[in-house]
Structures are given as structure tokens and as C-alpha cells.
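Shown next, in C-alpha cells, is the structure this report addresses.
Bear in mind that the values here come from a model prediction, so they are computed numbers and not experimental data.
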Amino acid sequence: MSEQLSEKFKEVLDLREKAKLGGGTEAIEKQHKGGKLTARERIEKLVDKGSFVEVDQFVVHRCYDFDMEKKKALGDAVVTGYATVDGRPVFIYSQDFTFVGGSLSEMHAKKITKIQDMALKAGAPVIGLNDSGGARIQEGINSLAGYGEIFYRNVQASGVIPQIIAIMGPCAGGAVYSPALADFIFMVRKTSYMFITGPKVVKAAIGEDVSFEVLGGADSHTKLSGVAHFACENDEDCIKQIKTLLSYLPSNNMDDAPIIECADPPDRADEELNEVVPADPKKPYDVHDVINHVFDKGSFYEVQPNFAMNAVVGFARLNGRSVGVVANQPMIYAGCLDIDSSDKIARFVRTCDAFNIPLVTFVDVPGYLPGTKQEHGGVIRHGAKVIYAYSEATVPKLTVIMRKSYGGGYIAMCSRHLGADVVFAYPTAEIAVMGPQEAIEIIHRNELMKAKTPEEAKEIISRLVADYKNKFANPYVASQLGYVDAVILPKETRSALTKALEALITKRELSSRIPKKHGNLPA
């Protein structure tokens, strides 16, 4: 090899090593002291060993204002490329806080949009590891334009490829909208936060003192706002959970999710499940106990577990197949639907439908939560999202009515009337316009007013409620009308769902839907 050629090869290797330093060794040490991994370390822990191929490693910004020409680092504060996770292709960008706080410049944005474009063309998930102070102020509108280009691609990719974003540091101002447009958001406790305006602006604008953590920390967004889906303990836990989530998702909307070899018998009859759901409609129980008995053992991965806890959503496996699970939670608000749970359910249903993941819905719902707070907050329009999402979904839809199924709640929770393919009901199911007691007090109001004593009224109510239950509040009337396909024992749930899913896995909707550009989702 000639000396000239050797020098050129050495130059490439030297530049590669320089690029790996980002903002420098001191900045890397500061990152570690703050309890965070570097952008490259995060990628290394996420992807299969040796699979990462970096793109645009030598890109630098081209800003000359505010002496920025003196501040440059190869890669311009973001590491981008492609790799495999558990053998499946993914495209990744990981922001590097060690250089100018990971701020987004014109070239930084171009690197991200290139990866987004590549992911969309390849039909593979895109994963963003966010750790950025926001727009690079020195670049002005070029930085804002960069965000706009990213947002546009988020929308184009929506429902086509999975978009997963982890907030692993700051994410403020306009930067928050890319995660909001993605499918799933992870946050890391104590080291990540996201908000439109920070504590200083809040203080100046409205005089409110609030910390970074309270305003936009992981717990705030996974418990209160519902913006984020998962709160993680540290960077390593976050990366582990991203891998778990990926295992339930297909690479794109034309593929099926991976099928995992299952050692749990598909026809397993679980006697314990017969004891989980009480016959008394007013007695609470934890719907997780039903879910964990029915699906492949240990396979349930809950989404938004700490937000709107009167509804439970998440992924599970049924004989190795990935399914989306939606359930009312009788332990919280008796399982009533409200504003937040409606949003939670509707969004999850649409995500599953976009990526061909069958839906299994467990119903124990007395209706929508009453009160002025809900009505004035728009429970009508929010509740309509659940109806819209289930009606729109074309994946196999399986429903199990466990107990209460009253009024609008019955209709909204994937009833036959919204396109459920198979509806099962337990013998404890009560399907009616409203609860027996409330119905009797309305229907027989005049008769009850004639009662001479409270005891007499109580006796009349008891008799009429029993008669109402026999006539209406049971699964058999709905079964006779074909709205329920079969009344099953709880222990038979796993077997019944597995057989139904196998029969419907090749489901295709008939071409009877009215052609349209798109529907108008309730706001």
C-alpha cells in the first residue's frame, strides 16, 4: 500500500474516532454523572451486537452567526443509522446532549428526516432517542423548519410503520410534537422531562412556582396528562422496555406481528377463573386477574398502566399471536368510561388496527361516568372516540362480556353493533339499558310512590328487580337475538378466544364500505 493511500485511510479512521467523542470527553463524563448514557451507548444497548450502521457521521452544521463557526462537532449532536433488534431491521436516531445540549439545527434535522424517509421506504420501525434542549436558537427559522420537516414525516409514517420515541433527557417547546405524533412514548424518571413552556416561563407568565419534574416529568405524563405511555427507572430499563414493545409489533402495516412459540396449551381450562368475577355487580375485582388467567402466561404488557386506570389496555399473546387487550377495570370508578379512559381506549384500538393486531375486549361497564366535571369537559365527544375507533377497526374483534354491560357503555365496548366478529358472555353478564335497580325506579315510579311505608317500597323494588333480571339483565336475551354468539364459563375463555382468533386471522372486510378521503374523528 502506498504511503499516500495509507494516510487517506488513516484520515477516515481518525475522523470516525473524533465523531465518537461528540461534544468531548468532559461533556461525556458530565452526561454519565447525570445518570445518563451517551447517544452511542444507548444505541449499542438497544441493537443486536455489531449490527449498527451509522449514516451521516461526518455531518456538521453550517451556521456562521453568533460565532457558531467556532463550535462544530462531527455528527452535529445526533447519531443516526440502521441496525437490527432481535434480528429485525430498525432505523434509529439518538440525540447527543454532549454537543450544544443536543439542540436541533438545520443539518441535525436533515439527518433525522433522512432516517425517517429510509424507514418508511424500507417498511421498518423508526426509534428516536430524544435528549435535546430544543431548537438551536442561533439558527432561527432554519431550526424551526427542521422541526416542521420532522413533524410532516411523523404524520406520513403514522399507521404505516411503528414510531417509538424515548424521552431520555430534556424535550421542550416545539420538540414535544414529534413524540406526540409518534405511536408510543417512553420517559425516564428523574432525568427526562417534556413541556411546551418551562418553569421559568410559567413563573413569569402566571406566577406559578413549579419544578421540572412536576411540570413535565415521567410520572406527570404517565399518570396525569397521559402524554407518555411508559415510565422507566433509568436508561437501561427504558431500552429493555423498547425491545419488549417491539416484540409485539409488526415491522409495518403490511406485515404481521411475530408469532412466538407458545408452551401454554391453547385449550387450557382455568378453574380459578370461575372464581374471579363475582356475581354481585356491585362487588369489585381486579380485571388483571382475568387477563393473566386467559392469555399466554406472563405475556401481558400493559400500556399506560398509571393513566385512566378505570380502563386497562395492553398487548398480550394468545397461542403465540400478538393481540391488543382492552378491558374495563371495576376497581376504579366501577369500570365506568370517562374522558381520559375513552381517549386511552380509542387511541390504543386505532394503533392496533393500523398494525393488524387483533383486538380482545373484556366488558364490565355500568356506562359513562356522570357529573358536571365530565359533561363540561366534553365526555360526549371523548366518549364518541371509542365508538368511532371500534367501528372503524377492520382487524378481528373478539368481545367477552363478563358482568355489567349497560347503556352506551354496552354499545361502545365493541358490541356486535359496532362490528365485533365474535361476542362471548359469562353467565354473570347483565346486558341492559341500565342497572336493574335504576330501571325499576324509573319504570315503576308511580307504583313505588303509592307504597305506604319504606319497607313496602323496598319489598316492591326487590320483587320487581328480580323480575327485571330474569327478563332483561342476563346474557340469554341477547343470545336469543344473536347479539351474543355463545354463553361460556369463565374457565373456557382461553380456549374459546383461541379458536375464534384462529378462525378469523385471515379476516378481510367486505368491500361494502363507502369510499371517502377519510373520516372526521371526534376531537
Electrostatic pair Glu149-Arg153, nearest N-O below 4.0 angstrom: yes
More than 12 heavy atoms from other groups under 6.0 Å of OH on Tyr147: yes
Whether over 12 other heavy atoms sit under 6.0 Å from Glu502 CD: yes
Residues Thr222, Asn306; criterion side chain to side chain donor-acceptor pair (under 3.5 Å); working and verdict: CA-CA 6 Å; Thr222 54; Asn306 299 315; 4.7 Å; no
Trace of the side-chain contact (heavy atoms from CB on, under 4.5 Å) decision for Gln156 with Tyr152: CA-CA 6 Å; Gln156 300 311 304; Tyr152 180 81; 3.5 Å; yes
Sidechain N-carboxylate O distance under 4.0 Å for Asp421, Lys507: yes
Of Val313, Val312, Val325, the residue whose pairing with Glu302 passes side chain to side chain contact (heavy atoms under 4.5 Å, CB included): Val312
Chi angles and distances behind the salt bridge (charged side-chain N to carboxylate O under 4.0 Å, His left out) call for Lys190, Asp219: CA-CA 9 Å; Lys190 298 182 180 178; Asp219 287 330; over 6 Å; no
Shortest non-hydrogen contact between Ile291 and Ala327, atoms and distance: CD1-CB, 4.2 Å
Any Leu318 side-chain heavy atom under 4.5 Å of Arg494 side chain: yes
Partner set under salt bridge (Lys or Arg N to Asp or Glu O under 4.0 Å) for Glu44, not counting sequence neighbours: none
Side chain Ser220, main chain Val214, donor-acceptor under 3.5 Å: yes
Minimum side-chain heavy-atom gap Val484-Tyr476 below 4.5 Å: no
Exam field: side chain Asp296 to backbone Gly320, donor-acceptor pair closer than 3.5 Å: yes
Pairwise distance CG(Asp255) to CD1(Ile161) - rounded to 0.5 angstrom: 12.0 Å
Residue among Arg350, Lys385, Arg381 satisfying salt bridge (charged side-chain N to carboxylate O under 4.0 Å, His left out) with Asp343: Lys385
Parallel, tilted or perpendicular: rings of Tyr177 and Phe151 (30°, 60°): perpendicular
Ser322 side-chain N/O to Tyr248 backbone N/O, donor-acceptor pair under 3.5 Å: yes
Rounded distance [0.5 Å steps], NZ in Lys344 versus CG in Asn310: 7.5 Å
Check against side-chain contact (heavy atoms from CB on, under 4.5 Å), Ser251 and Arg88: CA-CA 8 Å; Ser251 293; Arg88 300 169 65 203; 3.4 Å; yes
Arg347 backbone acceptor or donor facing Thr351 side chain under 3.5 Å: yes
Candidate pair Cys238 and Phe230, rule side-chain contact (heavy atoms from CB on, under 4.5 Å), full reasoning: CA-CA 9 Å; Cys238 182; Phe230 307 96; over 6 Å; no
Taking every non-hydrogen atom, the tightest pair across Val487 and Pro475: CG2-CB, 4.0 Å
Pro284 versus Pro330, closest heavy-atom pair with distance: CB-O, 4.0 Å
Centroid separation His417 to Tyr410 less than 6.0 Å: yes
Asp256/Arg321 salt bridge by N-O under 4.0 Å criterion: no
side-chain contact (heavy atoms from CB on, under 4.5 Å) assessment of Asn328 paired with Leu337: CA-CA 8 Å; Asn328 305 115; Leu337 294 169; 4.0 Å; yes
Whether over 12 other heavy atoms sit under 6.0 Å from Lys240 NZ: no
Glu272 and Asp289, any side-chain heavy atoms less than 4.5 Å apart: no
Non-hydrogen side-chain atoms of Tyr193 and Leu215 separated by less than 4.5 Å: no
Cationic N near anionic O, under 4.0 Å, Arg403 to Asp280: no
salt_bridge(Glu233, Arg189) N-O dist < 4.0 Å: yes
Residues in salt bridge (Lys or Arg N to Asp or Glu O under 4.0 Å) contact with Asp235, at least two apart in sequence or another chain: Arg42
Test item: Asp353 side-chain N/O and Thr394 main-chain N/O as donor-acceptor pair under 3.5 Å: yes
Residues Thr498 and Asn319: side-chain donor-acceptor under 3.5 angstrom: no
Within 6.0 Å of OH in Tyr301, more than 12 heavy atoms from elsewhere: yes
Ile380, CD1: over 12 other non-hydrogen atoms inside 6.0 angstrom: no
Donor-acceptor pair between Asp364 and Gln329 side chains, under 3.5 angstrom: no
Distance-only polar pair, side chains of Asp48 and Thr84, donor-acceptor under 3.5 Å: yes
Distance (rounded to the nearest 0.5 Å) between Ile185 CD1 and Ser192 OG: 10.5 Å
Inter-residue atom distance Gln116.CD - Gln163.CD, 0.5 Å rounding: 7.0 Å
Side-chain heavy-atom pair Val379, Leu369 within 4.5 angstrom cut-off: no
Val395 side chain near Ile357 side chain, heavy-atom distance below 4.5 Å: no
Heavy-atom donor-acceptor pair, Thr80 side chain to Val55 backbone, under 3.5 Å: yes
N/O donor-acceptor pair under 3.5 Å between Lys111 side chain and Val78 backbone: yes
Donor-acceptor pair, side chain of Arg268 and main chain of His293, under 3.5 angstrom: yes
Ala109 backbone acceptor or donor facing Thr113 side chain under 3.5 Å: yes
Phe295 and Phe315 aromatic centres sub-6.0 Å: no
Asn130 and Pro179, any side-chain heavy atoms less than 4.5 Å apart: yes
Between CZ on residue Phe362 and OH on residue Tyr426, distance to nearest 0.5 Å: 6.0 Å
Polar side-chain atom of Gln374 near backbone of Gly371 as donor-acceptor pair, under 3.5 Å: no
Side chain to side chain, Leu249 and Ile164, heavy atoms closer than 4.5 Å: yes
Separation of Asp485 CG from Thr399 OG1 (nearest 0.5 Å): 9.5 Å
Minimum heavy-atom distance Val47-Val85, with the two atoms named: CA-CG2, 4.1 Å
NZ/NE/NH1/NH2 to OD/OE distance under 4.0 Å, Asp264 and Arg317: no
